There are 2 protein chains.
Amino acid sequence: MTDRSKIVVIDDELEMRRFLKHSFDPAETEFFEADNGVEGLRVVARTNPDVVLLDLGLPDMDGIEVAKQLREWSQVPIIVLSARGREKDKIEALDAGADDYLTKPFGVGELLARIRVTLRHVSRVKGAIVEPVFEVGDLKVDLPKRRVLVNDVEVHLTPIEFKLLAMLIRHAGMVLTHRQLLIEVWGPAYSDETHYLRVYMGQLRHKLESEPARPKYITTEPGVGYRLLTE
Amino acid sequence: MTDRSKIVVIDDELEMRRFLKHSFDPAETEFFEADNGVEGLRVVARTNPDVVLLDLGLPDMDGIEVAKQLREWSQVPIIVLSARGREKDKIEALDAGADDYLTKPFGVGELLARIRVTLRHVSRVKGAIVEPVFEVGDLKVDLPKRRVLVNDVEVHLTPIEFKLLAMLIRHAGMVLTHRQLLIEVWGPAYSDETHYLRVYMGQLRHKLESEPARPKYITTEPGVGYRLLTE
DNA sequence: TGCGTCAGTCAAGATTTCGTCAAGATGGAC
DNA sequence: GTCCATCTTGACGAAATCTTGACTGACGCA
């Protein structure tokens with residue numbers, strides 16, 4: 001971490017953003033802010049920060065939803081800062097992909113210490129970062145914007161199709177087993193519904209491949225799963 | 001994480017240990033306990049757990065000290081469970097190497113959610129750092145990605161072929177008996193079907209060796225089994 | 001030499017898994 | 001309520017994989 005750490009704060013309260021801004025040393029930290037969820041996602045996509053501080057009570061969308069959407073294309077550590085102190089909220093946030101949960105009001109010292117912890121994790125993980133824009137052949141996928149282009153023409157994907165494709169992209173080049181895909185996209189209760197995969201892989205190929213019957217991108221590993229080719 | 005997760009609890013209060021023990025599903029979790037710091041360090045060393053739950057108020061040494069000593073040789077995630085709620089304690093613990101800090105009393109649900117978060121980190125790190133790519137001669141095998149290259153050209157293996165090769169690689173250089181291979185790949189009921197091995201070793205050689213009739217990699221140990229040469 | 005055992009090769013079914021199509025079922029917007 | 005996009009489910013031919021058996025050759029041994 002030779003460079004300054006980049007931090008994004010997503011919170012609608014101006015005072016909270018100011019308070020946080022003054023909690024960091026500008027010599028060590030680049031500070032970005034957003035006052036709603038949509039803007040927050042955009043800022044994260046643009047700045048590729050080291051940590052995201054996320055408030056749950058946003059004007060346009062729930063913070064949990066922001067965390068989930070972020071997790072579809074980014075591994076950035078998310079620390080939730082919330083006035084909601086109920087256990088249920090914490091569990092939900094953590095399971096949605098948050099890395100830590102602090103209940104307001106909190107001490108600056110503790111926040112900084114918890115940020116240090118997450119940065120420790122990141123430095124261990126680095127190398128597993130995924131570019132937010134995936135490109136191979138005629139296919140371009142901008143995960144944060146949820147846009148898919150084939151030959152520079154936008155293609156519409158349904159929610160499940162997109163989730164499937166995002167999962168394949170996050171592990172591009174690797175074989176993902178039927179089980180892994182089903183659990184990640186449909187949930188643990190669906191881990192045996194391999195038929196869903198056949199149907200949806202077919203739909204994806206139909207939308208993305210020039211020759212769906214002879215796929216260039218999404219290949220089948222018979223008896224095992226599927227793989228997205230990287231070149 | 002096919003196996004059960006291993007959890008070590010270091011806490012001097014018997015009730016707390018019992019409470020925690022009953023919070024986990026024994027089908028998913030192996031549970032170890034220690035009621036003081038020295039014993040705790042020993043248990044961690046012996047069991048190599050996935051998570052450590054650490055109380056700060058131990059009879060023989062301070063929990064912070066336990067965390068520091070642990071960090072000298074282990075990366076295992078540490079979640080501190082403490083009655084001390086002061087910010088100073090939290091900061092100290094987190095900077096000593098703890099990954100999270102929960103103030104007693106806490107809800108089981110939240111604890112479990114935070115454990116899930118740390119396990120998520122671990123599995124990410126494991127996948128990122130360990131790179132078990134096997135290489136010998138013209139043959140490259142990336143087990144996690146399930147990719148096999150011969151002369152940098154990808155070769156497709158069927159599920160059984162891949163399982164066989166993976167088994168050989170995990171024990172490269174050693175002789176694996178017919179029995180061992182059959183039990184591992186086909187299951188205990190097939191331990192006498194040596195004919196399967198002949199057929200599949202033939203197929204593997206055909207796909208991997210330049211001269212299948214005079215194999216460089218997969219050699220036969222007559223009457224015993226097969227061996228994958230390492231150089 | 002003749003016999004039995006073991007290993008390797010080949011290929012024909014048998015079986016499992018895939019891809020495709022399309023008809024309901026579902027659920028949200030209006 | 002209707003309409004629309006999406007998801008779920010079933011049916012069936014195609015493809016890949018697995019199993020099985022027949023045949024060959026190598027080797028050791030009586």
Side-chain angles (χ1 to χ4, degrees), chain A residues 61 65 146 148 154-168 175-182 184-187 189-228, chain B residues 146 148 154-168 175-179 181-187 189-228:
Chain A
M61 59 199 285
E65 190 50 37
R146 283 180 153 265
V148 180
E154 177 143 16
V155 170
H156 171 76
L157 298 188
T158 71
I160 288 188
E161 288 165 7
F162 185 82
K163 258 186 132 174
L164 248 187
L165 180 60
M167 175 85 175
L168 287 171
V175 176
L176 290 168
T177 63
H178 301 131
R179 229 186 127 63
Q180 288 176 310
L181 289 164
L182 287 163
E184 185 71 19
V185 176
W186 278 268
Y190 295 78
S191 63
D192 293 325
E193 305 284 344
T194 49
H195 188 49
Y196 287 8
L197 284 177
R198 290 205 271 293
V199 172
Y200 276 87
M201 288 297 176
Q203 290 174 188
L204 271 181
R205 283 172 174 154
H206 198 74
K207 291 183 177 181
L208 307 180
E209 305 265 3
S210 48
E211 280 185 276
R214 235 160 314 115
K216 283 192 301 182
Y217 308 131
I218 300 174
T219 59
T220 304
E221 296 288 327
V224 185
Y226 294 85
R227 175 213 309 265
L228 182 67
Chain B
R146 212 166 189 289
V148 179
E154 178 144 13
V155 170
H156 174 78
L157 299 188
T158 71
I160 288 187
E161 288 165 5
F162 187 84
K163 258 183 132 177
L164 249 187
L165 180 60
M167 175 87 176
L168 287 171
V175 179
L176 288 167
T177 64
H178 300 132
R179 227 186 129 63
L181 289 164
L182 287 164
I183 289 176
E184 184 72 19
V185 176
W186 278 268
Y190 296 76
S191 63
D192 293 326
E193 305 283 346
T194 49
H195 186 48
Y196 286 8
L197 283 178
R198 291 198 204 98
V199 172
Y200 276 88
M201 287 297 176
Q203 290 176 2
L204 269 181
R205 283 171 174 153
H206 198 74
K207 290 185 177 181
L208 306 181
E209 305 265 3
S210 47
E211 282 184 274
R214 234 159 317 114
K216 283 192 301 182
Y217 308 130
I218 300 173
T219 59
T220 304
E221 299 287 330
V224 184
Y226 295 85
R227 176 209 308 264
L228 183 66

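Model, not experiment: these values are computed from the prediction.
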Item to complete: Say whether, by atom type as modelled, one donor and one acceptor occur between the side chain of B:Glu209 and the main chain of B:Lys216 under 3.5 angstrom.
Response: yes

Discussion item. In whole Å, I'd like the distance from the CG atom of B:Leu164 to the P atom of D:dT17.
Written reply: 15 Å

Worksheet entry | Point-to-point distance, once rounded to the nearest 0.5 Å, from CE of B:Met167 to CG of B:Leu182 | 9.5 Å

Discussion item. Distance check needed: D:dC18 P versus B:Phe162 CZ, whole Å only.
Written reply: 13 Å

Practice prompt. Report which part of the nucleic acid A:Tyr226 touches: base, sugar-phosphate, or nothing (heavy-atom distance under 4.0 Å, all strands).
Written response: sugar-phosphate

Discussion item. Could you measure the distance from the CG atom of A:Leu176 to the CG atom of A:Leu228? Nearest 0.5 Å is fine.
Written reply: 9.0 Å

Worksheet item: Does B:Tyr217 have B:Arg205 sitting over its ring (NZ/CZ under 6.0 Å from centre, angle to axis within 45°)?
Response: no

Practice prompt. Drop me the distance from A:Leu168's CG to A:Glu184's CD, to the nearest 0.5 angstrom.
Written response: 11.0 Å

Discussion item. Quick check on D:dC18: is either OP1 or OP2 less than 4.0 Å from any side-chain nitrogen or oxygen of B:Thr158?
Written reply: yes

Discussion item. Please determine whether a side-chain nitrogen or oxygen atom of B:Trp186 lies at a distance below 4.0 Å from atom OP1 or OP2 of D:dT19.
Written reply: yes

Worksheet item: Quick one: does A:Lys207's side chain have a donor or acceptor within less than 3.5 Å of a partner on A:Leu157's backbone?
Response: no

Worksheet entry | Least distance between heavy atoms, A:Ser210 atom then A:Pro212 atom | O-CD, 3.5 Å

Practice prompt. Could you tell me how the ring of A:Tyr226 sits relative to the ring of A:His178: parallel (under 30°), tilted (30 to 60°) or perpendicular (over 60°)?
Written response: perpendicular

Worksheet item: For A:His156 and D:dT6, is the shortest distance between a side-chain N/O and OP1 or OP2 below 4.0 Å?
Response: yes

Worksheet entry | Value in whole Å for how far the P atom of D:dT19 lies from CG of B:Asp192 | 15 Å

Fill in: Per A:His195 side chain, nearest of listed nucleotides D:dT17, D:dC7, C:dT20
C:dT20

Practice prompt. Return the value, rounded to whole Å, for the distance between atom CD of B:Glu161 and atom P of D:dT19.
Written response: 12 Å

Worksheet entry | Presence of A:Tyr196 side-chain N/O under 4.0 Å of C:dC18 phosphate oxygens OP1/OP2 | no

Worksheet item: Base, backbone or nothing for each nucleotide of nucleotides 25-30 of chain C, written B, S, -, heavy atoms under 4.0 angstrom, 5' to 3'?
Response: ------

Worksheet entry | Any B:His178 side-chain nitrogen or oxygen under 4.0 Å from OP1 or OP2 of C:dC6 | no

Discussion item. Check whether A:Gln180 reaches the backbone of A:Thr177 with its side chain - one donor and one acceptor, N or O, closer than 3.5 Å.
Written reply: yes

Practice prompt. Enumerate the residues from residues 197-211 of chain B whose closest heavy atom to DNA chain D is under 4.0 Å, giving them by residue number; use none for an empty result.
Written response: B:Val199, B:Tyr200

Worksheet item: Which ones in residues 216-224 of chain B lie close to DNA chain D, meaning a heavy atom under 4.0 Å from one of its atoms?
Response: none

Worksheet entry | Whole-Å distance separating the CD1 atom of B:Ile160 from the P atom of D:dA16 | 17 Å

Worksheet item: Can you tell me how far CD of B:Glu161 sits from CG of B:Leu208, rounded to the nearest 0.5 angstrom?
Response: 8.5 Å

Item to complete: Show the numbers, then the answer: is there a side chain to side chain contact (heavy atoms under 4.5 Å, CB included) between A:Leu181 and A:Met201?
Response: CA-CA 11 Å; A:Leu181 289 164; A:Met201 288 297 176; 4.0 Å; yes

Worksheet item: Roughly how far, to the nearest 0.5 Å, is CG of A:Leu164 from CD of A:Gln203?
Response: 9.5 Å

